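Computed from a predicted structure; not experimentally measured.
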Amino acid sequence: DIEDLIPVEESVLTLTSCGYIKRQAADVYKTQRRGGRGIMGMQTRDEDVPETMFLCSSHDYVMFFTSAGRVYRLKRYEVPEGSRTSKGVNVVNLLPLQAEEKVTAMIHVSEFEEDRYLCMVTRQGIIKRTRLNAYQNARKNGLIAIDLDEGDELAWVRVTDGYQKLMVGTRKGMAICFDENDARVVGRTARGVK
């Protein structure tokens with residue numbers, strides 16, 4: 001298998017708000033002492049900012065959740081490597097996204113464990129909690145992650161362990177905090193609850 005020839009190493013994946021993604025070796029970033037000035041981690045346009053950044057292994061799965069409620073899956077080594085100052089490649093070149101569909105969340109998973117969950121929240125306040133292993137058979141053209149209402153879009157996705165407190169805030173400054181078990185576990189294509 002070609003995957004057996006790829007060495008296991010740590011990398012940093014970065015996704016921007018305009019959909020540019022790149023991976024870099026973890027040793028590009030190093031601890032600085034007092035008075036350090038920092039280094040340029042990515043070249044971006046004025047309106048573009050890095051949104052998601054995490055450290056993962058070369059054999060981890062990277063899951064991309066889109067505004068249309070679909071999920072796509074790649075292996076980490078399938079994401080092209082970029083230099084420290086490059087802006088990366090547009091995610092449209094890696095995934096078969098539809099028109100007007102953009103990536104709203106990117107997470108990494110080592111294994112699709114039975115006791116892990118995906119918590120999703122939409123712009124109109126729908127929350128959905130599903131077992132992580134329901135997404136382990138993702139195809140190249142993606143899977144339906146959540147059934148959305150007309151005009152709604154998927155905004156936020158995180159992996160939880162069943163013992164987390166979730167806090168959801170609105171643009172007008174209102175927030176709610178609750179135990180994740182208050183949102184019952186539903187199937188992969190379900191809508192979720194308000």
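In this structure, N90 and C18 approach most closely via the heavy-atom pair ND2-O, 4.2 Å. Residues V159 and I107 approach most closely at CG2-CD1, 3.4 Å, considering heavy atoms. The two residues R73 and N137 make their nearest non-hydrogen contact at NH1-N, 4.2 Å. Of all non-hydrogen atoms in Q24 and S83, the two that sit nearest each other are NE2-O, 3.6 Å. Taking every heavy atom of both residues into account, P96 and N141 meet most closely at CG-CA, 4.0 Å. When every heavy atom of D149 is checked against every heavy atom of R191, the shortest pair comes out as OD2-NH2, 2.8 Å.
Looking at D152 and T122, their side chains do bring a donor and an acceptor atom within 3.5 Å of each other. Side-chain N/O atoms of E101 and T66 include a donor and acceptor closer than 3.5 Å. No donor-acceptor contact under 3.5 angstrom links the side chains of N133 and R116, judged on distance only.
A side-chain donor-acceptor contact under 3.5 Å links K194 to the backbone of Q124. A donor-acceptor pair under 3.5 Å is absent between the side-chain atoms of R70 and the main chain of F64, judged by distance alone. A donor-acceptor pair under 3.5 Å links the side-chain atoms of K128 to the main chain of R188, judged by distance alone. At least one donor-acceptor pair under 3.5 Å links the side chain of K22 to the backbone N or O of S86. With hydrogens and angles ignored, the 3.5 Å screen pairs no side-chain donor or acceptor of S11 with any backbone N or O of A25. Checking side-chain atoms of S17 against main-chain N and O of E51 turns up no donor-acceptor pair under 3.5 Å. In terms of modelled atom types and a separation under 3.5 Å, the side chain of R131 and the main chain of Y117 share no donor-acceptor contact. Not one N or O on the side chain of D115 forms a donor-acceptor pair closer than 3.5 Å with the backbone of G162.
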**Trace of the side-chain contact (heavy atoms from CB on, under 4.5 Å) decision for C119 with V157** = CA-CA 6 Å; C119 287; V157 181; over 6 Å; no

**Item:** Pair V92-L94, side-chain contact (heavy atoms from CB on, under 4.5 Å): steps then yes or no
**Value:** CA-CA 5 Å; V92 175; L94 301 174; over 6 Å; no

**Prompt:** Checking side-chain contact (heavy atoms from CB on, under 4.5 Å) for the pair L15/I21: CA distance, chi angles, key distance, verdict?
**Reply:** CA-CA 5 Å; L15 178 70; I21 186 171; 4.1 Å; yes

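Sequence neighbours left out, the pairs with a member in residues 53-63 that pass side chain to side chain donor-acceptor pair (under 3.5 Å) are E3-H59, D60-S110.
In this structure, F65 and Y135 have perpendicular ring planes: the angle between them is above 60°, well past the 30° mark.
Tested against I127, the residues V121, I176, I146 include a single side chain to side chain contact (heavy atoms under 4.5 Å, CB included) partner, V121. Of the candidates R158, Q164, K165, R129, R129 is the only one forming a side-chain hydrogen bond (donor to acceptor under 3.5 Å, both in side chains) with E180.
Rounded to the nearest 0.5 Å, atoms CG (L55) and CZ (R76) are 9.5 Å apart. Note that NE2 of H108 is 11.0 Å distant from OG1 of T52, once rounded to the nearest 0.5 Å. Here the CG atom belonging to L148 is positioned 9.0 Å from the CD1 atom belonging to I126, to the nearest 0.5 angstrom. Within the model, atoms CE of M120 and CG of L118 stand 5.0 Å from one another, a figure rounded to the nearest 0.5 Å. Between Q98 atom CD and E100 atom CD the span is 11.5 Å, to the nearest 0.5 Å. Rounded to the nearest 0.5 Å, atoms CE (M63) and CZ (F112) are 5.0 Å apart.
No continuous path of hydrophobic side-chain contacts links V79 to V109 [ILVMFWY only; heavy atoms under 4.5 Å].
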